[in-house]
Amino acid sequence: MLIKKPSDIKPSEITPESVFRNRRQFMNDSGKLILGAAAGGLPAIASAQSGGLKAPTPIGKGVSNAPAWWQEKSSSIKAAPDSEPYYTGESLTPYDDVTSYNNFYEFGMDKRDPSTQSGDFKSDPWSVEISGEVAKPGVYNLEDILKPHDLEERIYRLRCVEAWSMVIPWTGFPLAELIKQFEPTSKAKYVEFETIIDADSMPGIRSRFAIVRWPYREGLRMDEAMNPLTLMAVGVYGDYLPSQNGAPMRLIVPWKYGFKSIKSIVKINFRETEPNTTWNDLQSQEYGFFANVNPAVHHPRWRQDMERRLPQTLFSRQVIETRPFNGYGDQVASMYSGMDLARYY
Ligand SMILES: Nc1nc2c(c(=O)[nH]1)N[C@H]1C(S)=C(S)[C@@H](COP(=O)(O)O)O[C@H]1N2
Ligand SMILES: [Mo]
């Protein structure tokens, strides 16, 4: 099934919030949604279960700066299947929360900075350098990279190491497809990613208080990169990715803490050895290379066995149990069999 944007319905008439509210009502009726106690009470603790129900087509608010290629590619986005792991059965986090509560330190360290400070950022035209252990290295226009790939929607949980989480409908394609396109050599054991450095449009890069050494870097082991869950996202809520969410292309690795899901990628390097990664370089005691969501291994400042599911208001606080591999163990746990996950955190 394809998602077609109904041109006769204005986004303002069907907002994600109203979709969300309807859905929440529905979930309440079917008893699947777990709502926490009101403020002051004890938080309700429960695992969010998959309902196996099809989500309504999410509709974003229309991103004004979507590039020409997005108009063409987004006319036929394959809908998320109606079962795990590409659909969670949980309430979607509303578009406004997904696009205004962000971590993107290039734009500043406050959660509001990425949405309020990214107005000058240009995600088109865009090119990506492919390098290292690969048969087809080069600097490619994003359009050319995207050309062979069909876009699909996937609804994933996103679990930040700061113990909050969201459920987000991304639009993208499997990273595995992009990797095959450039034909890595047999020596390619890891994939390394880098974010753009654009001091002119990124106030966090100009800031004297920045703690990150730019560019932001991340990496995956090749089997992790090739796992079918690993997504290259170019959209959210059926819309082009807003700058604060990592336009024009960012990684999504749903079983790992959010910091692995690097934004606004300009470089993909194939290598034989494990790459350095931003948070691991900064605080290796706190942030590992693997960073698999693990309720049994706590961060010094955040317990990892519980999470705040957003949105959260004064009157509705959802605190739920964090699951191993963020609930994606069936798809990914076998990649780590025999590894001590307390040591390789
Ligand atoms: N380049 C870059 N990528 C980044 C970050 C960042 O600061 N810079 N923050 C990470 C963190 S900590 C999280 S939780 C997710 C948040 O993604 P979202 O804002 O789209 O929800 O992006 C990740 N990717
Ligand atoms: Mo995060």
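The first residue of the sequence shown is numbered 1, and numbering continues consecutively from there. In listed order, ligands and their atoms are each counted from 1.
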Any idea which part of [X] is under 4.0 Å from ligand 1, heavy-atom wise: side chain, backbone, both or neither?
X	result
Thr195	side chain
Arg250	side chain
Leu158	side chain
Glu162	neither
Tyr216	side chain

What pairs meet the salt bridge (Lys or Arg N to Asp or Glu O under 4.0 Å) rule with one or both residues in residues 141-151, with sequence neighbours excluded?
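For residues 141-151, and leaving out neighbouring residues, the salt bridge (Lys or Arg N to Asp or Glu O under 4.0 Å) pairs sorted by first residue read Asp144-Lys147.
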
Answer yes or no: are there more than 12 heavy-atom neighbours, outside Arg213 itself, under 6.0 Å from its atom CZ?
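Atom CZ in Arg213 is not crowded, with 12 or fewer foreign heavy atoms closer than 6.0 Å.
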
For Gln71, I'd like to know if atom CD has over 12 heavy atoms of other residues, nucleotides or ligands within 6.0 Å.
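Counting neighbours around CD of Gln71, more than 12 heavy atoms of other residues, nucleotides or ligands fall under 6.0 Å, so yes.
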
What atoms of ligand 1 come closer than 4.0 angstrom to any heavy atom of Asn245?
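Those of ligand 1 that fall under 4.0 Å from Asn245 are 18 (P), 20 (O).
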
For ligand 1, which atoms, with element, lie under 4.0 Å from some heavy atom of Cys160?
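Reading through ligand 1 atom by atom, the close ones are 14 (S).
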
Residue and atom name of the nearest protein heavy atom (relative to [atom]), distance in Å to one decimal:
atom	result
atom 8 (N) of ligand 1	Glu106 OE1, 2.8 Å
atom 7 (O) of ligand 1	Tyr105 N, 2.8 Å
atom 3 (N) of ligand 1	Lys263 N, 3.2 Å
atom 15 (C) of ligand 1	Gly258 O, 3.6 Å
atom 9 (N) of ligand 1	Asn103 O, 3.2 Å

Do Leu220 and Lys256 have side chains that get closer than 4.5 Å, going by heavy atoms?
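Leu220 reaches Lys256 side chain to side chain.
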
Asn326 side chain to Tyr328 main-chain N or O, any donor-acceptor pair under 3.5 Å?
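Not confirmed, Asn326 side chain does not pair with Tyr328 backbone.
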
Lys267, Arg217, Arg221 screened by salt bridge (charged side-chain N to carboxylate O under 4.0 Å, His left out) with Glu192, the one that passes
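Going through the options one by one, the only one that passes is Arg217.
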
Are any of the N or O atoms of [X] closer than 3.5 Å to those of ligand 1?
X	value
Trp164	no
Tyr101	no
Trp279	no

I need the single residue from Gln318, Arg157, Arg309 that forms a side chain to side chain donor-acceptor pair (under 3.5 Å) with Ser165. Which is it?
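Passing option: Arg309.
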
Side-chain donor-acceptor pair present, Trp126, Asn141, cut-off under 3.5 Å:
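Distance-only check fails for Trp126 and Asn141.
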
Applying salt bridge (Lys or Arg N to Asp or Glu O under 4.0 Å), name anything that partners Glu129, two or more places apart in sequence or on another chain.
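Applying salt bridge (Lys or Arg N to Asp or Glu O under 4.0 Å) to Glu129 gives none.
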
Whether Ser261 lies under 4.0 Å from ligand 1, heavy atom:
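Yes, Ser261 has heavy atoms under 4.0 Å from ligand 1.
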
Is any NZ, NE, NH1 or NH2 atom of the basic residue among Glu152 and Arg154 found under 4.0 Å from an Asp or Glu carboxylate oxygen of the other?
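Here Glu152 pairs with Arg154 in a salt bridge, since their nearest N and O are under 4.0 Å apart.
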
